[in-house]
Amino acid sequence: MASLSLRHIYKKYPGGVTAVTDFNLEIKDTEFIIFVGPSGCGKSTTLRMIAGLEEISEGELFIGDRLVNDVAPKDRDIAMVFQNYALYPHMTVFDNMAFGLKLRKMPKAEIKRKVEEAARILDITHLLDRYPKAMSGGQKQRVALGRAIVRDPKVFLLDEPLSNLDAKLRATMRTEITKLHNRLGTTFIYVTHDQVEAMTMATRIVVMKDGFIQQVDTPQNLYDYPANTFVAGFIGTPQMNFINCTLVKQNNNAYLQFGEIKIKLPESKAANPDLQPYFGKEVIAGVRPEAILDTPAQIAALKDCAFEVYVDVTELMGAEIYLYLVANKVVVDEALMAKKNVVIDKSGEVKLTARVSPRSTARSGDTITVAIDTERLHIFDKDTERCICH
């Protein structure tokens, strides 16, 4: 087992391209850390620097108390599971899993014991005599995991290991990898662009963008207290709604105004000292889809935060309905305007997504009243995109 310390890590390529900038992270022993972010954010590059497959341009990497910047990958006591499995096609499952141990000149009896134990953990004992071409993607993924397990490493590195699997198998393998982490009690570092994987598996999540760490926290804290609009929009499905609005004060009350709509802020937010310099200025309001409410009882309780919206599209998801709404909708005869060559200004329209009960009666084309639960509202600085208050 091992802790890791990444201190002021940079990755610079020839030509002035910096893929990772000032990466600082302390990873505790047995943690399940997930690096998440869009393609090109530097997450796989960081993982490869930990593995020793990429040279660290600046900074220090410690595994335990040992500085490993100049230590060869084979001597770092880590095991990596790749996106494409990287199995040898001419070897059986047993030989694929045993290959690394044979290179270490381990006794045959010990190799057999380790491979059979890993196969039992992963439920692939019946596959030990098969070749990779005769296996499904999920089975190959288990073999790749097994090859890592037999080495008994201090740290497991997994680079988008589920991206080649179908949705149902991906969900199953998420559970299997979490159970495997709990059973082995080893440090896992996992890279994905899928925020569902990150939210369901991680002890802590590292959100990255353009080579910079945006926020490091537990999945729930990232969801409830995002540091900026990027984290807020990246974590959560459907993503958070963002509304450009003006923060105004009237009769000692604080409101967010966008177009003709005004919603009252709760006293806890209105009195927040961090918010005071923003009165009279434009801000970004962030609202999770589940914080847009549509039942009569909810609307009555939040009448100062209620407004009319046009229902553009509805999606029944079984246990819930997604409503795609338009606030401040411009109502015109578009066919007539097109004939007259008139350009319709819809810049004031605000598009929102709500997650509501499957019992909702809203249908496409309806105009309905909704209310925002302002206790769950986030307010961001329009220029820096940093969160002002939650």
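Computed over heavy atoms, backbone and side chain alike; hydrogens, waters and symmetry mates excluded.
Note: Y255 and F279 fail the aromatic proximity criterion, with ring centroids not under 6.0 Å apart.
Judged by distance alone, the side chains of E197 and Y190 do bring a donor and an acceptor atom under 3.5 Å apart. For Q195 and T237, the side-chain atoms include at least one donor-acceptor pair closer than 3.5 Å. Between D159 and S44, the side chains place a donor N or O and an acceptor N or O closer than 3.5 Å (distance only, hydrogens not considered). Side-chain polar atoms of H8 and E60 form no donor-acceptor pair below 3.5 angstrom. Using a 3.5 Å distance cut-off with no hydrogens or angles, the side chains of Q220 and Y225 do not pair a donor with an acceptor. Under the 3.5 Å distance criterion, with hydrogens and angles disregarded, a donor-acceptor pair is assigned to the side chains of Y322 and E320.
Smallest separation of non-hydrogen atoms from D224 and H390: O-ND1, 3.9 Å. Nearest heavy-atom pair, A19 versus Y13, reported as atom, atom and distance to 0.1 Å: CB-CE1, 3.6 Å. When all heavy atoms of K12 and T18 are compared, the pair lying nearest together is CG-OG1, 3.8 Å.
Atom-to-atom distance recorded for L162:CG and D194:CG is 8.5 Å, nearest 0.5 angstrom.
Cation-pi geometry between R7 and F62 is met: under 6.0 angstrom from the ring centre, within 45 degrees of the axis. Both the sub-6.0 Å distance and the 45° axial angle are satisfied by R288 relative to the ring of Y223. A cation-pi geometry, defined here as NZ or CZ lying under 6.0 Å from the six-membered ring centre and within 45° of its normal, does not hold between K102 and F99.
Partners of A354 by side-chain contact (heavy atoms from CB on, under 4.5 Å), not counting sequence neighbours, listed by chain and number: I292, L323, L325, V356.
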